[in-house]
Amino acid sequence: MRGGNPIRPSEITPEAVWQSRRQWLRQVATGSLALGLPWGARADEAAPEGPPLAGRPNPALSVDEPPNAWSDITTYNNFYEFGTGKADPSLNAGRMRLEPWQVRIDGALRRPVTLDMDALLRLAPLEERVYRLRCVEAWSMVIPWTGYSLSHLIKYVEPTADARYVVFTTDLQAEAMPGVRDGILDWPYTEGLRMDEAMHPLTLLTFGVYGRRLPAQNGAPLRVVVPWKYGFKSAKSLVHIRLQAEAPVSSWMRAAPREYGFYANVNPDVPHPRWSQATERRIGQSLFAPRIPTLPFNGYAEQVAGLYQGMDLRRNF
Ligand code: MTE
């Protein structure tokens, strides 16, 4: 832990994370911490908003880095259904209908179900986990999410031996989503994981951020978060989860197969065809802050590299 804060961010609730972040910023402002700290945010920054959603902190699966401000996390977004500008999701996603919400889970499993939000929230104990999010566009954030491992839901539906891949489909509400008229992607937004990736404890079925229910722009009411992969794998506002034998073709793979592969593991050694992936810009830092070296698997190599043993990660990008 940098500075004099005795509490590790990973040991406390997101609400307390926010409080300690404020305190930390105040210390920065008064010069009581060493100079060179990256966080350029203001000590009077906005507090988290929305219905509370508590979860037990899981320090073992959290990174020990100060989280981004609530305002960074909720106003600098990618949610192309609402436009391609970073501010578009926070400006437009409020029009999305969030209730009632149901998720259909079917395919290669013994117990096909349609679950509402109450049932989903009750399925396993909620945890708070601070994850790095590395976008394919070479920026990153640190985000305190609330959710539980997707593996709980997958076990609940009793997969069969044919369940080798998981496909996620985002809701499509054309009248509320100005971005879907642009035709950048084939809507609805779909993504996929191999079964062992989906079952990995780090893969989070996510319902909240900073101890609050997810804001619409962050993928309300539920999304997946896969922290060792580029952010586009973390599909938002899920309505359908399908287990199947065949490898799926995601929206981004279909749109630009040379640029976006199925695996999309964060990899500083494999550049995007149009830019380097070796470094990243941490949102919220001053414009003069040096870029951060990107880590293999976004810093989660110890936990996940084993999933890809023997695979050529240049070809399987
Ligand atoms: N999910 C949907 N449905 N539509 C999207 O455009 N963008 C992805 C991912 N999930 C996207 C999506 C990308 S590129 C990133 S980086 C993350 O969401 C951003 O999540 P955040 O806005 O909560 O930080």
Side-chain angles (χ1 to χ4, degrees), residues 1 5 7-28 38-79 82 86-87 89-91 93-94 96 98 101 117 120-121 124-135 139-149 202-227 231 234-238 282-285 298:
M1 177 74 196
N5 193 334
I7 314 167
R8 290 153 49 98
S10 52
E11 282 171 2
I12 44 185
T13 65
E15 196 67 37
V17 166
W18 177 72
Q19 292 295 352
S20 75
R21 180 182 147 77
R22 273 163 58 99
Q23 189 180 342
W24 199 69
L25 291 168
R26 245 178 263 127
Q27 285 176 289
V28 177
W39 303 87
R42 306 195 331 255
D44 61 348
E45 67 194 26
E49 282 171 26
L53 188 71
R56 194 160 46 84
N58 186 335
L61 295 183
S62 291
V63 296
D64 192 8
E65 285 173 58
N68 274 84
W70 169 261
S71 55
D72 295 336
I73 295 170
T74 57
T75 62
Y76 192 95
N77 299 102
N78 275 341
F79 200 161
F82 295 102
K86 298 302 170 208
S90 59
L91 296 173
M96 180 164 53
L98 296 175
W101 195 277
M117 288 308 294
L120 284 158
L121 283 163
L126 292 173
E127 294 178 14
E128 289 156 0
R129 301 187 190 171
V130 183
Y131 279 174
R132 279 186 215 104
L133 179 112
R134 169 61 159 81
C135 185
W139 52 263
S140 64
M141 293 203 209
V142 176
I143 305 182
W145 300 114
T146 306
Y148 53 73
S149 296
L202 279 171
T203 301
L204 194 68
L205 193 60
T206 305
F207 303 89
V209 61
Y210 259 111
R212 306 294 172 135
R213 295 291 286 259
L214 283 177
Q217 60 268 34
N218 292 93
L222 84 165
R223 68 181 297 178
V224 69
V225 175
V226 195
S234 295
K236 293 177 167 179
S237 305
L238 302 177
R282 182 62 53 83
I283 299 303
Q285 293 189 349
N298 200 21

Atom of [X], atom of [Y] and distance for their closest heavy-atom approach:
X    : Y    : value
V63  : V142 : CG2-CG1, 4.1 Å
S234 : V226 : OG-N, 3.0 Å
N58  : E127 : ND2-OE1, 2.6 Å
N218 : R223 : O-NH1, 2.9 Å
T75  : S90  : CA-OG, 3.9 Å
G94  : A216 : N-CB, 4.4 Å

Open item on the list: To the nearest 0.5 Å, what is the distance between CD1 on I143 and CZ on R132?
Closed with: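 Those atoms lie 12.5 Å apart.
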Task: Nearest-0.5 Å distance, NZ of residue K236 to OG1 of residue T206 - done: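 Taking NZ in K236 and OG1 in T206, the distance rounds to 11.5 Å.
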[X] versus [Y]: any side-chain heavy-atom pair under 4.5 Å?
X    : Y    : result
Q217 : T74  : yes
L121 : R213 : yes
W101 : L222 : yes
N298 : Y131 : no
W145 : L214 : yes
P89  : M96  : no
L205 : Y148 : yes
L133 : W139 : yes

Does any donor atom in the side chain of [X] or [Y] lie under 3.5 Å from an acceptor atom in the other side chain?
X    : Y    : answer
K86  : N77  : no
Y210 : R212 : no
S140 : R282 : yes

- [ ] State whether the side chain of S149 and the backbone N or O of L204 hold a donor-acceptor pair below 3.5 Å, judged by distance alone.
- [x]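 Here the side-chain-to-backbone pair does not exist.
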